[in-house]
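Numbered from 1 within each chain, the chains take letters A, B, ... in sequence-line order.
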Amino acid sequence: MDLRLEVKHICKQTGARYGILHTPHGQVEVPMFMPVGTLATVKYISPEELEDINSGVILSNTYHLWLRPGEDVVENAGGLHKFMNYKGPILTDSGGFQVFSLSENRKIEEEGVTFKSHLDGSKLFLSPEKSIEIQNKLGADIIMSFDECPPYPVTHEYMKNSVERTLRWAARGKANHKNKNQALFGIVQGGEFQDLRKISAEETVKIGFDGYAIGGTSVGEDKETMYKMIDYCIDYLPKDKPRYLMGVGSYDSIIEGVVRGIDMFDCVLPTRIARHGALMTSEGRLNIRDKKNEYDLRPIDEGCDCYTCKNYSRSYLRHLYRCKEGLGQRLLSIHNLRFLIRLMEEIRIAIKEDRLGDFKEDFFERYGLNEKNPKGF
RNA sequence: GCGGUAGUGGCGAAGUGGUUAACGCAUCUGGCUGUGAACCAGACAUUCGUGGGUUCGAUUCCCAUCUAUCGCC
């Protein structure tokens with residue numbers, strides 16, 4: 001297995017880690033943010049543009065690619081990298097999140113999950129073994145255990161059963177993992193329950209994985225609860241393996257996560273809200289569709305180095321958005337992605353200079369985030 | 001000039017003699033966290049061309065008037 005985390009520095013102020021993650025498709029620095037490209041494409045963004053924003057690892061999704069085009073089609077093309085022409089590292093999510101997001105049409109049993117296809121309504125069955133088998137064919141650098149991501153809130157009893165089942169699924173998945181060039185990550189669950197997070201973390205580590213993810217976050221709980229979910233389990237995760245906080249992409253939560261020792265984040269937030277006209281800026285949120293931007297010739301963010309900010313005005317971007325022109329969606333997505341990736345670059349420098357604590361304070365100050373306005377994104 | 005038809009928010013368009021006048025588009029504003037999402041939600045007509053009348057009550061009925069439109073001289 002070719003995945004290795006090289007921890008290079010620990011921030012003296014916060015304990016956050018800076019490191020290099022070595023993958024079969026090159027090395028990337030952590031902490032990092034990973035753009036999401038569910039259907040083997042980061043919506044509207046070409047691989048070349050991803051390289052320009054220094055994207056690093058990107059995500060794709062097992063459930064969705066399984067349904068369409070089918071893992072055999074991807075395998076036939078020589079794997080995901082060749083299929084979608086992305087040269088950097090790729091991570092595939094297991095489909096576990098779809099158990100949660102498609103909850104109206106699913107039945108969870110010990111053996112696996114029965115879904116109703118969202119495309120044609122046909123009955124489908126996904127198990128830990130099947131998920132790993134599909135991911136082996138897709139050929140990403142990092143693949144994920146098939147877990148259950150329970151909704152929030154849920155009773156302690158439900159969560160306990162779910163956590164235990166996810167552990168059994170993790171072991172089954174690992175046993176079925178055939179492509180040893182791919183790193184396999186386990187996923188810690190347990191909701192907001194301290195005891196279950198601890199058990200989930202310890203037992204997942206016992207099974208033994210190449211990296212560990214914290215799942216069950218960003219499912220409707222408030223931010224303080226989410227931070228607790230991290231605190232309850234992160235100390236049980238090995239220090240020499242990457243730690244991945246799943247589904248988190250608001251800039252304030254990313255900083256809070258890094259401070260707590262997280263190395264990897266992924267989220268649809270920057271791309272989705274960009275498609276819907278919302279932008280991340282150094283002064284907080286900007287809705288490009290708002291009338292105040294009609295005659296505004298400034299870029300989205302004066303300090304941003306992205307292609308969009310270097311070449312286009314708010315006035316023009318608002319026009320494109322309102323006309324539903326694809327170029328608008330693309331330029332806005334480029335900006336948000338670059339904004340977060342640049343934030344990670346700044347975070348890494350701050351860690352290396354032992355001043356992430358100051359960085360966090362300054363950042364929250366600058367973005368007007370405090371007890372009265374804890375929202376962030 | 002005569003006859004017919006129609007006049008409801010920026011536009012299109014329901015509707016009924018009786019509490020808050022559908023809906024669509026546009027506009028304005030929010031929200032989106034391991035993507036079933038170019039999505040979702042909210043706001044937006046003290047008022048139904050205008051002036052009278054009938055009625056307990058009229059956007060709905062009647063008269064007049066204006067405007068548009070069709071047909072005929």
Item to complete: Can you tell me the distance, in whole Å, between the NE2 atom of A:H276 and the P atom of B:U29?
Response: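 Nearest whole value for this atom pair: 17 Å.
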
Discussion item. In this structure, how many angstroms lie between the C1' atom of B:G34 and the CD atom of A:Q135, rounded?
Written reply: 12 Å

Would you please confirm or rule out a distance under 4.0 Å between OP1 or OP2 of [N] and any side-chain N or O of [X]?
{"X": "A:R289", "N": "B:A38", "answer": "no"}
{"X": "A:R318", "N": "B:C28", "answer": "yes"}
{"X": "A:Q98", "N": "B:G34", "answer": "no"}
{"X": "A:R285", "N": "B:G31", "answer": "yes"}
{"X": "A:S253", "N": "B:U33", "answer": "no"}
{"X": "A:N61", "N": "B:G34", "answer": "no"}
{"X": "A:S218", "N": "B:U33", "answer": "no"}

Fill in: Side chain A:K223 and base B:U33 donor-acceptor under 3.5 Å
yes

Worksheet entry | Given B:A37, B:G36, B:U27, the nucleotide with the shortest approach to the side chain of A:K43 |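 Between B:A37, B:G36, B:U27, the one nearest the side chain of A:K43 would be B:A37.
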
Just call it for [X]: base, sugar-phosphate, or nothing, with non-hydrogen atoms closer than 4.0 Å on any strand.
{"X": "A:D147", "value": "base"}
{"X": "A:E294", "value": "nothing"}
{"X": "A:T217", "value": "nothing"}

Worksheet item: Taking NZ, NE, NH1 and NH2 as the nitrogens, is one of them in A:D305 or A:K310 under 4.0 Å from a carboxylate oxygen of the other?
Response: no

Discussion item. What's the gap between B:C70 and B:C61 when it is taken at their C1' atoms, as a whole Å value?
Written reply: 26 Å

